[in-house]
A.B. asks: 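Would you mind keeping the following structure in view while I ask a few things?
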2 protein chains.
Amino acid sequence: MGADPPTSLRERAERYSPAQRHTVDAALDLFADHGVGGTSFQMIADAVGVTKAAIYHQFGTKDAIVLAVLEVQLRPLESALEEAEREGPTVQSRETLLAQVIETVVSNRRALSTLQRDPVLFRLIEEDELARDLFSRLFAVLLGDDVRHHARVRAAVLSAAIGAVAHPFVADIDNDTLRADLLDVTRTLTFKLG
Amino acid sequence: MGADPPTSLRERAERYSPAQRHTVDAALDLFADHGVGGTSFQMIADAVGVTKAAIYHQFGTKDAIVLAVLEVQLRPLESALEEAEREGPTVQSRETLLAQVIETVVSNRRALSTLQRDPVLFRLIEEDELARDLFSRLFAVLLGDDVRHHARVRAAVLSAAIGAVAHPFVADIDNDTLRADLLDVTRTLTFKLG
DNA sequence: GTCTATAGAATGATAGAC
DNA sequence: GTCTATCATTCTATAGAC
């Protein structure tokens, strides 16, 4: 017995109750400000407006919250990726995917950038099969199945460049402008290099 | 009374005793693994091989350690920057500066990337006058004094791209290869865009 | 510069009532 | 799903001896 293991982040994220989603939102906010290690159950409980025990009822462990934050944040990327994979490896589908990724991170700057920065979240992504799979598929589609070293450096730089949405240098640039400029730079990295 | 305020990171870093430098090295290692928030005085003391009280004698507060880590890590960047500023805003000096920055981060991957990732360290950089000054001067030299929004997006992307040395995608690429490939990509971002 | 010892607060986590 | 109450542990920080 035991529940069927989920095969997608969407499936996994749909298992959360409204109360749990509320907690995840609050946790994400706190993670962005203090890092995962610097965020306690008490801080999360205070932010939600309940007691620690309630949060424990919802999640049991701190890792479970971190994982939930990860899932909810990566869902839009998964949707965009699945669509691109259905369309096959055309230039058009890669263009569309890149635009959707940029759109997602820009309209969700502070949140998604947290995932790329925090060492704890970073490690969780590496250890989580679904999340790891998502990223390798994402960059496989964006950059092609090239495994040579300079292709991997390009993938790393592209990944980092997307994460630049959260950089202080661009903090006061509005979403529309940032989306356009960032898309411009990342399109160069994706299509005109190598 | 009161010591003269230091006017450079070099000056500030030179004030630390050998014992303090040893502590800073250990702290940097732990910060990279667990984040600043996830690293305690006890963990640092254990890593150094002394008691918490000894660490407190050296630094007094956790923030002082974090600041010291920041200073020691940014010193090589400061040296390279000062050299470039002495040479003036030529293409050659920008090329040299970029190469030195890449060299520094590649030969020091895990450490320097920590600074770019951790939310706590990130905030400290924004709050610290010397550190903030260092970064704005660095990107002013690299990208010119252009303050228009797409120049700032490029600066953010360049900064993020440099931080890609720590990306898991390139973890198993040797230093020489990584240095060459990364320099190639960042040179494009620096000189052939905009 | 290092130690032992300690204070006082906060931590992750659990039990049991509502 | 939430509460109060409590546990052992760990945390930052300090005092005083060597």
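Treat the numbers as computed from the prediction; the structure is a model and nothing was measured. A note on names: the letters A, B, ... follow the listed sequences, proteins ahead of strands, and every chain is numbered from 1.
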A.B. asks: Is the backbone N or O of M43(B) less than 3.5 Å from a side-chain atom of K52(B), with the two atoms forming a donor-acceptor pair by type?
C.D. replies: no
A.B. asks: Is E103(A) paired with R179(A) through a side-chain N to carboxylate O contact shorter than 4.0 Å?
C.D. replies: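 Here R179(A) pairs with E103(A) in a salt bridge, since their nearest N and O are under 4.0 Å apart.
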A.B. asks: In whole Å, what is the span from the CE atom of M43(B) to the C1' atom of dT9(D)?
C.D. replies: 15 Å
A.B. asks: State plainly whether the residues D133(B) and R137(B) are in salt-bridge range, i.e. N to O under 4.0 Å.
C.D. replies: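 Yes, charged N to carboxylate O under 4.0 Å.
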A.B. asks: Can you tell me the distance, in whole Å, between the CZ atom of F41(A) and the P atom of dT11(C)?
C.D. replies: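 Atom-to-atom, F41(A) to dT11(C), this comes out as 12 Å.
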A.B. asks: Return no unless some side-chain N or O of T61(A) is found under 4.0 Å from OP1 or OP2 of dA13(C).
C.D. replies: no
A.B. asks: Counting just side-chain N and O atoms, does Q58(A) come under 4.0 Å of either OP1 or OP2 of dT2(D)?
C.D. replies: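 Yes.
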A.B. asks: Take a 6.0 Å sphere around CZ of R187(A) and say whether it holds more than 12 heavy atoms from other residues, nucleotides or ligands.
C.D. replies: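 Result for CZ/R187(A): open.
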A.B. asks: Using a cut-off of less than 4.0 Å, is there contact between a side-chain N or O of K52(A) and OP1 or OP2 of dT11(C)?
C.D. replies: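 False: K52(A) side-chain N/O out of range (4.0 Å or more) of dT11(C) OP1/OP2.
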A.B. asks: Please give, in whole Å, the distance from dT2(D) P to Y56(A) OH?
C.D. replies: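 From Y56(A) OH to dT2(D) P: 16 Å.
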A.B. asks: Is there a side-chain polar atom (N or O) of Q42(A) under 4.0 Å from OP1 or OP2 of dA9(C)?
C.D. replies: no
A.B. asks: Could you state the OH-P distance from Y16(B) to dG1(C), rounded to the nearest angstrom?
C.D. replies: 14 Å
A.B. asks: Using heavy-atom distances to pick each residue's nearest nucleotide on DNA chain C, tell me which of D63(A) and S17(B) is more 5'.
C.D. replies: S17(B)
A.B. asks: What integer distance in Å separates I55(A):CD1 from dG1(D):C1'?
C.D. replies: 11 Å
A.B. asks: Could you tell me how far apart D46(B) (CG) and dC3(C) (P) are, to the nearest whole angstrom?
C.D. replies: 11 Å
A.B. asks: What I want to find out is whether D184(A) reaches R154(B) closely enough, with some N-O distance under 4.0 Å, to be called a salt bridge.
C.D. replies: no
A.B. asks: Round to a whole Å and report the spacing from NZ of K62(A) to P of dA13(C).
C.D. replies: 9 Å
A.B. asks: Do the side-chain N or O atoms of T51(B) get closer than 4.0 angstrom to the phosphate oxygens (OP1, OP2) of dC3(C)?
C.D. replies: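 True: T51(B) side-chain N/O within range (under 4.0 Å) of dC3(C) OP1/OP2.
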A.B. asks: Tell me whether the OP1 or OP2 atom of dC11(D) has a side-chain N or O from S40(B) closer than 4.0 Å.
C.D. replies: yes
A.B. asks: Could you tell me how far apart I44(A) (CD1) and dA13(C) (C1') are, to the nearest whole angstrom?
C.D. replies: 14 Å
A.B. asks: What nucleotide, of dC3(D), dG1(D), dC3(C), holds the atom closest to the side chain of A54(B)?
C.D. replies: dC3(C)
